[in-house]
Participant: 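Would you mind keeping the following structure in view while I ask a few things?
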Amino acid sequence: MSLTMKDKILERFLLAGDEPLSGQQLADDFGISRTAIWKHLQSLQEEGYEFETIKKKGYCLIGKPDRVDAARITSFLSTKRYGRSIHYLEEVTSTQVIAHELVRNGAEDGTVVIAETQTSGKGRMARPWESTKGKGIWMTLMIRPNVIPQQAPQFTLVTAVAVVNAMKSLYAHFKPEIKWPNDILINGRKCTGILTEMVAEMDRVEALLIGIGINVNQQMNHFPEELQSIATSLSIEEGKQLDRSELVASILNYMEQYSELYINEGFAPIKKLWETASGTIGKRIKATTLREVIEGQAIGITEQGVLEIQLDNGEIKSIYSADIEVK
């Protein structure tokens, strides 16, 4: 699904900044009537966009609602494929659920589902995920990489590296760190979760659905009481309101770059980036698996993205899935 005419018009205004755009010029460029342009502007105003009419010059965008719609995201994108098809919804049960439907219907590589809120957002191990309306990024990126099923878990690590570097490129007042395998923390508090699901045959991945949930503009009172000691948002850490669309686009830009790096050069360069951003490596940790509890020092990840822990007796254990607590 490419941009609608209304979104294309909005994108032009977003890219124009403070410069006015002529209704006639827009009509000529898009091959529609000036009346049609005016109707689209009316519709955008109903959604909360504000336009000023400047005599003999046209219209100027002077106010924007805080939304993560397709036009807003696209105005920041520099990708070839990722985010070039965006399904924006006010409310969903879960963006992963919608993404599964779209994959079954042949959605293209790089398609994004994004919503203002989820009523049944889920994290790893089907844990509920709090999706405050209009405050976070709740999205699923669908990709169709030419990989075998055993490589799928590494894309969680690719995604973590992309999210951390997107944050670092935009914000100056905090340092995000990756907690193996799928969380991003700031000062020990969780701000981001990543959930990778696979649609595959025996020897071939048909699609990966990468769910990304980020607390962006919540203040502490937006979190349920039981999360207030362990959760944070980017806004709390940066000390101001942030543009969610800009962050979405930055993540997609990095995701495309790092996915291509992984496909072309293997996991080694991603492993290096991941370990640089890790808040787990070198720390004493407790890993709770389905079968046992292991304590020791996290010494790195393997070429498969498996966590390695050195026990007190010197033995090295490989951890494929666990809840991690830094001691």
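Each residue takes its place number in the sequence, starting with 1. Just so it is clear, the structure is predicted and the values come from calculations on it, not from any experiment.
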Participant: With a 3.5 Å cut-off and no angle check, do the side chains of Gln310 and Glu315 form a donor-acceptor pair?
Facilitator: no

Participant: Answer yes or no: are there more than 12 heavy-atom neighbours, outside Lys64 itself, under 6.0 Å from its atom NZ?
Facilitator: no

Participant: Quick check on Asn264: does its CG atom have over 12 non-hydrogen neighbours (other residues, nucleotides or ligands) under 6.0 Å away?
Facilitator: yes

Participant: Using a cut-off of 6.0 Å, state whether more than 12 heavy atoms not belonging to Asn221 lie near its atom CG.
Facilitator: yes

Participant: With a 6.0 Å cut-off on the ring centroids, do Tyr262 and Phe155 count as close?
Facilitator: yes

Participant: Would you say the side chains of Glu52 and Tyr59 form a donor-acceptor pair under 3.5 Å?
Facilitator: no

Participant: Determine, using the 4.5 Å side-chain heavy-atom cutoff (strictly less than), whether Val306 and Ile294 are members of one ILVMFWY cluster.
Facilitator: no

Participant: Who are the salt bridge (charged side-chain N to carboxylate O under 4.0 Å, His left out) partners of Glu116, not counting sequence neighbours?
Facilitator: Arg244

Participant: Is it the case that atom CD in Glu225 sees more than 12 heavy atoms from other parts of the structure closer than 6.0 Å?
Facilitator: no

Participant: Enter the distance from Leu21:CG to Phe51:CZ here, rounded to the nearest 0.5 Å.
Facilitator: 9.0 Å

Participant: Regarding Thr196 and Thr156, do their side chains bring together a donor and an acceptor under 3.5 Å, going by distance alone?
Facilitator: yes

Participant: Is Val158 reachable from Val199 through a run of I, L, V, M, F, W or Y residues, each pair having side-chain heavy atoms under 4.5 Å apart?
Facilitator: no

Participant: Looking only at side-chain N and O atoms, does Tyr320 offer a donor or acceptor that is under 3.5 Å from a partner on Gln304?
Facilitator: no

Participant: Quick one about Asp28 and Gln25 (side-chain donor to acceptor, distance below 3.5 Å, no hydrogens or angles considered), yes or no?
Facilitator: no

Participant: Going by distance alone, is a donor N or O of one side chain under 3.5 Å from an acceptor N or O of the other, for Thr117 and Glu90?
Facilitator: no

Participant: I need the Ser245 OG to Asp69 CG distance, nearest 0.5 Å.
Facilitator: 6.0 Å

Participant: Quick one: does Gln228's side chain have a donor or acceptor within less than 3.5 Å of a partner on Phe223's backbone?
Facilitator: yes

Participant: Would you say Glu308 and Thr302 are linked by a side-chain donor-acceptor pair, where the criterion is simply a distance under 3.5 Å?
Facilitator: no

Participant: Can you name the residues that form a side chain to side chain donor-acceptor pair (under 3.5 Å) with Ser78, not counting sequence neighbours?
Facilitator: Asn253

Participant: More than 12 non-hydrogen atoms from neighbouring residues, nucleotides or ligands closer than 6.0 Å to NZ on Lys283, yes or no?
Facilitator: yes

Participant: Do Arg84 and Thr74 touch side chain to side chain, with heavy atoms closer than 4.5 Å?
Facilitator: yes

Participant: Looking only at side chains, do Ser75 and Glu11 share a donor and an acceptor under 3.5 Å apart?
Facilitator: no

Participant: State whether the side chain of Glu275 and the backbone N or O of Ile301 hold a donor-acceptor pair below 3.5 Å, judged by distance alone.
Facilitator: yes

Participant: Donor-acceptor pair, distance only, cut-off 3.5 Å: does the side chain of Arg72 make one with the backbone of Pro65?
Facilitator: yes

